[in-house]
There are 2 protein chains.
Amino acid sequence: MSKRAYHHGNLKQELIDRGLEFIDQNGVESLSMRKLAILSGVSSAAPYAHFKNKKAFLSEVQNYITEQFTDTLQKTYEMCNDRERVLLELGKSYVLFFRQNPLFYSFIFSHGEIDVNYYPPFQMFQHIVREVLNELYGGKIDEQSIYNKTLAMWAMVHGLAQLYTFPAFRTMDNRNMEDKIEDILSSVTI
Amino acid sequence: MSKRAYHHGNLKQELIDRGLEFIDQNGVESLSMRKLAILSGVSSAAPYAHFKNKKAFLSEVQNYITEQFTDTLQKTYEMCNDRERVLLELGKSYVLFFRQNPLFYSFIFSHGEIDVNYYPPFQMFQHIVREVLNELYGGKIDEQSIYNKTLAMWAMVHGLAQLYTFPAFRTMDNRNMEDKIEDILSSVTI
DNA sequence: ATATAATCTTAGCAGCGTTAAGATTATGGA
DNA sequence: TCCATAATCTTAACGCTGCTAAGATTATAT
């Protein structure tokens, strides 16, 4: 594992980690495989022993972020005992994740490869909306209505998440933000 | 104006037009100034007589698209006589614009330069939400509540617009889509 | 111990954004 | 109408990029 070793020992993971860091600070646009390689103390062609091409590399970084994101939402869901507030808390968690790392948002969602119906964060919304509606109106809600309301709520939260990645919203501190997000989300009703 | 003229005559506009076309078909990622120049029948350095750099060029294309988008929304607003449906129609118009040109969405919104408070489409939402609330609850609505509901509605529509640019939603025909969008948007209430 | 596979370096290709220097053409004032 | 100047274009070049081929080095598995 010495610095002068011919074999790096952990290059693949280091490239991913440095990629994450770079995207977080500078965005994908200016990321280059060569820079990442040099940063990792390795020649500029070395990454191609681990990734087919740049696209495949970025795809792995995307998956990594998506996992972190999903875990964050999952923890929020598990930590919330008040069933009336779970949708609100999930929304706040969703928005805050991308506010903390604004450049992740466009990196993840700009290359349109996700199928929403199988996207874990969306499925979580679906699960919760069903819970909420069941509690409100009993068991007699049709599936179409659940799906529509899920889409509506998810779209609102998702749109708000993008909104808060815009520069005009970067000055706020997080305390204020949480309250504002809550006010916005609770200004409409399912 | 002949093809062999040393001076193109209309290069700046042709570059923008071809840029629009290229982004619409292939996305920004694979756009290069050199290709655009060749496509326009001109040497690869010619564009730099009209644009400071690639970023400035893309910025002009962005503005062009945003103008078209704003005009589309404006026309929808003017054509809708039923005041109870104007918010719904605006939302549908918003979503459909980017569904017709999905690659425009990420191109416009992925580089986070817009200030929502001065973004014409957002201002239109604000205007309409104020109208609707005035009609519903009279003139006694506080500004904060209007702003929150505007953000909520805009975020929902904006998020839905992104949703419908994803591949999984590209198979639907437009008739079905309009109905579905309407169902989704009207599944929540202000 | 040795064959094989994995990992890395070096060198090089074509394409990119951009600039400098110079050629060509349009424009406005004498 | 002529001409200086500005606008527009070409050619050539720089350093950067993604990526590949060929070969060097090291790990692994029999």
Of the nucleotides [options], which one has an atom closest to the side chain of [X]?
X: A:His8; options: C:dC8, D:dT8, D:dG18; result: C:dC8
X: B:Tyr48; options: D:dT8, C:dG17, C:dT7; result: C:dG17
X: A:Ala46; options: D:dC9, C:dT9, D:dC19; result: C:dT9
X: A:Ser32; options: D:dT17, D:dC19, C:dC16; result: D:dT17

Polar atom pairs between nucleotides 21-28 of chain C and protein, under 3.5 Å, N or O only, would you list them?
| unit_1 | atom_1 | unit_2 | atom_2 | d |
| --- | --- | --- | --- | --- |
| C:dA23 | N3 | B:Tyr6 | OH | 3.0 |

By salt bridge (Lys or Arg N to Asp or Glu O under 4.0 Å), which residues pair with B:Glu135, not counting sequence neighbours?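 Checked B:Glu135 against salt bridge (Lys or Arg N to Asp or Glu O under 4.0 Å); zero matches.
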
Could you give the [atom1]-to-[atom2] distance, from [X] to [N], as a whole number of Å?
X: A:Leu11; N: C:dT7; atom1: CG; atom2: C1'; result: 9 Å
X: A:Ile38; N: D:dT17; atom1: CD1; atom2: P; result: 9 Å
X: A:Arg34; N: C:dC13; atom1: CZ; atom2: P; result: 13 Å
X: B:Leu15; N: C:dG17; atom1: CG; atom2: P; result: 12 Å
X: B:Lys54; N: C:dG17; atom1: NZ; atom2: C1'; result: 8 Å
X: B:Leu36; N: C:dC16; atom1: CG; atom2: P; result: 11 Å
X: B:Lys35; N: C:dA14; atom1: NZ; atom2: P; result: 17 Å
X: A:Lys55; N: D:dC19; atom1: NZ; atom2: C1'; result: 16 Å

Could you walk me through whether A:Tyr105 and A:Phe97 pass the ring pair (Phe, Tyr, Trp, His ring centres under 6.0 Å) check? CA-CA 9 Å; A:Tyr105 183 94; A:Phe97 181 88; over 10 Å; no

Quick one: do the B:Asn117 and B:Tyr147 side chains pair a donor with an acceptor below 3.5 Å?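 Yes, side-chain donor-acceptor contact under 3.5 Å.
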
So, B:Asp24 and B:Asn101: side-chain donor and acceptor under 3.5 Å apart, yes or no?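 Indeed, the side chains of B:Asp24 and B:Asn101 share at least one donor-acceptor pair under 3.5 Å.
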
Using a 4.0 Å heavy-atom cut-off, does A:Ser43 contact any base of the nucleic acid, only the sugar-phosphate backbone, or nothing at all?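 Answer is base: heavy atoms of A:Ser43 come under 4.0 Å of a base.
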
Any A:His50 side-chain N or O less than 4.0 Å from OP1/OP2 of C:dA6: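 Looking at the OP1 and OP2 atoms of C:dA6, neither is under 4.0 Å from any side-chain N or O of A:His50.
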
Show the nearest heavy-atom pair for residues B:Phe98 and B:Ala161, with the distance to one decimal.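 Shortest heavy-atom separation between B:Phe98 and B:Ala161 comes out as CD1-CB, 4.3 Å.
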
Mark yes or no: B:Arg130 above the aromatic ring of B:Tyr137, with NZ or CZ under 6.0 Å from the six-membered ring centre and no more than 45 degrees from the axis.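 Verdict for B:Tyr137: no cation-pi partner in B:Arg130.
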
Under 4.0 Å between a side-chain nitrogen and a carboxylate oxygen: does that hold for A:Glu89 and A:Lys92?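 Between A:Lys92 and A:Glu89 there is a salt bridge, with a charged N closer than 4.0 Å to a carboxylate O.
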
